[in-house]
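Everything on this sheet refers to the single structure shown next.
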Amino acid sequence: MSLASVVRSEQKLLLPTYDRHKILFVRGRGVYLWDSYGRRYLDFLSGIGVNALGHRHPAIQATLRRQAARLIHTSNLFFHEYQAELAARLTRLSGLDRAFFCNSGTEAWEGALKLARAHARVQNSNGHKPKWRILALDNSFHGRTFGSLATTGQAKYRDPFAPLMPGVSFVKFNDTEDLQRHFDGSVCAVCVETIQGEGGIRPVNPEFLQLARKLTKSTGALLLLDEIQCGLGRSGRPFAYQHHRVEPDIVTVAKPLAAGLPLGAILTTNRVATAIHPGMHGTTFGGGPLACAVAIQFLRLMEKLLPHVRAMGEYFRAQLEWLKAKHGCVREVRGMGLMLGMDLKSGAAAKQVVNQLMQRGVLINRTNETVLRFLPPYIIEKKHIDQVIRELDAALPIGREVPAIRQGHKSTPRSQR
């Protein structure tokens, strides 16, 4: 099937929710994708953080073949052999106690919000109205369902669907004084992306996160951390909050968990879990045997790759900082591990750079208008980073030159490229 025929069919048959690039991908291997014309692309977006092990990883393929031949789906009315093992691995890595499996990040976040409200109701012993207010952060993104949208601090996502779930107030990102102003005894949850993804690769400050933990503990409110994009090894640790030595009450994860299959999870404490009993929450497809078997294999591999993620993240960030010093259009480099962003001074320039890299066979994307987002697979090597840096160097407008040649790569003059 040709690209043109697929485009015509989609325009006729699908809801117009995506402004797709005119590329038809047909296969992948390792850190590369190939389109219908046979052209190869270096994938530094990895399905927006989903393909953390790259494409066609042999261990994932073997697990898929083995489990698909045995059992794909049963129902959560019955047991299968993988949910408990997957929960044991996730709780060990996170320091939490219990898990609930679902289909996606937004579904995990919906469940986390329900759990926070349910916990507040159970804790209400004086007959007064239970805590119900939720504090979320400006510039945040938690998903596209109604509860997730209600806690998403970007008007462009919220406004077309208003009115949304009531009781949500927004706090300025990383502003401890604003957090203290908004917080009171009526709050049941404070919601934080440990690293904002759609918001422009913005890590939360340790001071802000530690204050959120202190305030919630003082009243019995819950600290909810969204690690759907930044969790499961992306920051160089199993969870990004582990860089800040904060213990959350609820954590949500999804994107890379099942290496491309739909799977999300809510992780929480025994104390919070007492608010849920059978019939209060559920899912048809979440936590099926195929997805859970693959997720167990992913976590085995992810743990072994963490030192490599940290090393490649440090190297990549150093090269991006070198580009910042060279190109006056770069405002800032942000992020942790292999979740990095380069903030440009112009949205038009960022869009142009994304398109130019795509034409040169490198896939990244733009988020928060001006930020180039890099979410490469954990298996990348220095040679892949060097290729991306060369293409960025060619695509970014020159602002000022620095005489020093960066370590590990000699810059090629534009005239020789």
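Only this structure's heavy atoms are used, side chains among them; waters, hydrogens and symmetry mates stay out.
Taking both residues in full, the closest heavy atoms of Phe141 and Glu193 are given as N-OE1, 2.8 Å, listed atom of the first, atom of the second, then distance. The minimum heavy-atom distance linking Ile201 with Pro203 is given by the pair O-CD, 3.5 Å. Of all heavy-atom pairs between Pro376 and Leu338, the closest is CD-O, 3.5 Å. Annotation for Leu215 and Phe183: closest pair O-CZ, 3.3 Å, computed over non-hydrogen atoms. Residues Leu225 and Trp109 come closest through the heavy atom pair C-CZ3, 4.0 Å. Listed here is the closest heavy atom pair of Leu224 and Ala112: CD2-O, 3.8 Å.
Donor-acceptor pairing under 3.5 Å is lacking for the side chains of Gln297 and Arg66. For the residue pair Ser235 and His243, a side-chain donor N or O sits within less than 3.5 Å of a side-chain acceptor on the partner. Between the side chains of Tyr82 and Gln67, at least one donor N or O lies within less than 3.5 Å of an accepting N or O. For the residue pair Tyr378 and Asn51, no side-chain donor N or O sits within less than 3.5 Å of a side-chain acceptor on the partner.
No donor-acceptor pair under 3.5 Å is formed between the side chain of Arg317 and the backbone N or O of Leu340. Side chain of Asp43 to main chain of Ser46: a donor-acceptor pair is present (N/O by atom type, distance under 3.5 Å, no hydrogens or angles). Remark: the backbone N or O of Ala348 is not paired with any side-chain donor or acceptor of Arg366 at under 3.5 angstrom. Distance alone, capped at 3.5 Å, places no donor-acceptor pair between the Arg237 side chain and the Ala240 backbone. The closest donor-acceptor contact from the side chain of Glu107 to the backbone of Cys102 lies at 3.5 Å or more, if one exists at all. Judged by distance alone, the side chain of His21 and the main-chain N or O of Ile23 form no donor-acceptor pair under 3.5 Å. Side-chain N or O atoms of His327 include none that pairs as donor or acceptor with a backbone N or O of Leu392 at under 3.5 Å. Side-chain atoms of Thr367 come within 3.5 Å of backbone atoms of Glu198 as a donor-acceptor pair (strictly under, hydrogens ignored). Remark: side-chain polar atoms of Tyr241 are paired, donor with acceptor, to backbone N or O of Ser94 under 3.5 angstrom. The main-chain N or O of Phe78 is never found under 3.5 Å from a side-chain atom of Ser75 such that the two would form a donor-acceptor pair.
In this structure Asp343 satisfies the side chain to side chain donor-acceptor pair (under 3.5 Å) test together with Arg331, Arg334, Thr370, sequence neighbours excluded. Remark: Glu314 pairs with no residue by the salt bridge (Lys or Arg N to Asp or Glu O under 4.0 Å) rule, at least two apart or across chains. The salt bridge (Lys or Arg N to Asp or Glu O under 4.0 Å) check on Arg181 picks up Asp178, with sequence neighbours excluded. Considering only residues two or more places apart in sequence or on other chains, Phe298 meets the ring-ring contact (aromatic ring centres under 6.0 Å, His included) condition with none of them. His73 is linked by a ring-ring contact (aromatic ring centres under 6.0 Å, His included) to Phe285, counting only residues two or more places apart in sequence or in another chain. By the ring-ring contact (aromatic ring centres under 6.0 Å, His included) test, Tyr41 is found to be paired with Phe25, residues two or more places apart in sequence or in another chain being considered.
Under the side-chain hydrogen bond (donor to acceptor under 3.5 Å, both in side chains) rule, Ser148 has a single partner from Thr152, Thr145, Thr151, which is Thr145. Of the options Lys217, His119, Arg213, a side-chain hydrogen bond (donor to acceptor under 3.5 Å, both in side chains) to Asp249 is made by Arg213 and by none of the others. Partner of Thr63 under the side chain to side chain contact (heavy atoms under 4.5 Å, CB included) criterion, out of Leu290, Ile296, Val294: Val294 alone.
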| Do Asn174 and Arg202 pass the side chain to side chain donor-acceptor pair (under 3.5 Å) test, and can you show the C-alpha distance, the side-chain angles, and the key distance before you say yes or no? | CA-CA 10 Å; Asn174 277 337; Arg202 301 177 192 275; over 6 Å; no
| message | Test salt bridge (charged side-chain N to carboxylate O under 4.0 Å, His left out) on Arg70 and Glu81; report intermediate values, then the result. | response | CA-CA 12 Å; Arg70 297 182 61 208; Glu81 59 187 301; 3.0 Å; yes
| request: Applying side chain to side chain donor-acceptor pair (under 3.5 Å), run through Asn76 and Gln83 and close with a yes or a no. | output: CA-CA 10 Å; Asn76 280 309; Gln83 279 201 19; 3.0 Å; yes
| said: side chain to side chain donor-acceptor pair (under 3.5 Å), that's the test. Do Arg373 and Gln229 meet it? Break it down for me. | reply: CA-CA 12 Å; Arg373 173 166 54 179; Gln229 188 170 138; 3.2 Å; yes
| task | Report the C-alpha separation of Glu391 and Leu42 in whole Å, then their side-chain angles, then the decisive distance to 0.1 Å, and conclude whether the side chain to side chain contact (heavy atoms under 4.5 Å, CB included) test is met. | result | CA-CA 11 Å; Glu391 300 300 346; Leu42 177 59; over 6 Å; no
| task | Evaluate the salt bridge (charged side-chain N to carboxylate O under 4.0 Å, His left out) criterion for residues Lys351 and Glu369: first the C-alpha distance (whole Å), next the side-chain angles of each, then the deciding distance (0.1 Å), finally the verdict. | result | CA-CA 8 Å; Lys351 184 176 182 179; Glu369 301 299 329; over 6 Å; no
| task | Take Leu305 and Leu53 through the test side chain to side chain contact (heavy atoms under 4.5 Å, CB included) and record every step on the way to the result. | result | CA-CA 9 Å; Leu305 282 168; Leu53 298 178; 3.6 Å; yes
| task | Determine, stepwise, if the pair Arg144 / Tyr157 fulfils side chain to side chain contact (heavy atoms under 4.5 Å, CB included). | result | CA-CA 8 Å; Arg144 298 182 184 274; Tyr157 296 117; 3.7 Å; yes
| Could you walk me through whether Leu33 and Arg27 pass the side chain to side chain contact (heavy atoms under 4.5 Å, CB included) check? | CA-CA 6 Å; Leu33 285 164; Arg27 66 186 178 94; over 6 Å; no
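Between Phe316 and Phe44, the ring-plane angle classifies as perpendicular under the 30° and 60° cut-offs. Using cut-offs of 30° and 60° on the angle between ring planes, the pair His281 and Phe100 is tilted.
Using a 4.0 Å cut-off between charged side-chain N and carboxylate O, Glu227 and Lys255 make no salt bridge. Using a cut-off of 4.0 Å between Lys/Arg side-chain N and Asp/Glu carboxylate O, Arg133 and Asp184 are scored as salt-bridged. Salt-bridge annotation for Glu303 and Arg300: absent, with no side-chain N of the basic residue lying under 4.0 Å from a carboxylate O of the acidic one. Using a 4.0 Å cut-off between charged nitrogen and carboxylate oxygen, Glu85 and Arg89 count as a salt-bridge pair. Between Glu177 and Lys172, no side-chain nitrogen of the basic residue sits less than 4.0 Å from a carboxylate oxygen of the acidic one, so the salt-bridge criterion is not met.
At least one side-chain heavy atom of Ile389 sits under 4.5 Å from a side-chain heavy atom of Leu320. Phe101 is listed as a side-chain neighbour of Leu86, based on a closest heavy-atom distance under 4.5 Å.
The 12-atom threshold is not exceeded at CE of Met1, counting heavy atoms of other residues, nucleotides or ligands nearer than 6.0 Å. Dense packing is recorded around NZ of Lys156, with more than 12 heavy atoms of other residues, nucleotides or ligands lying under 6.0 Å away.
Between atom CG of residue Leu223 and atom OG1 of residue Thr216 there is a gap of 5.0 Å, rounded to the nearest 0.5 Å.
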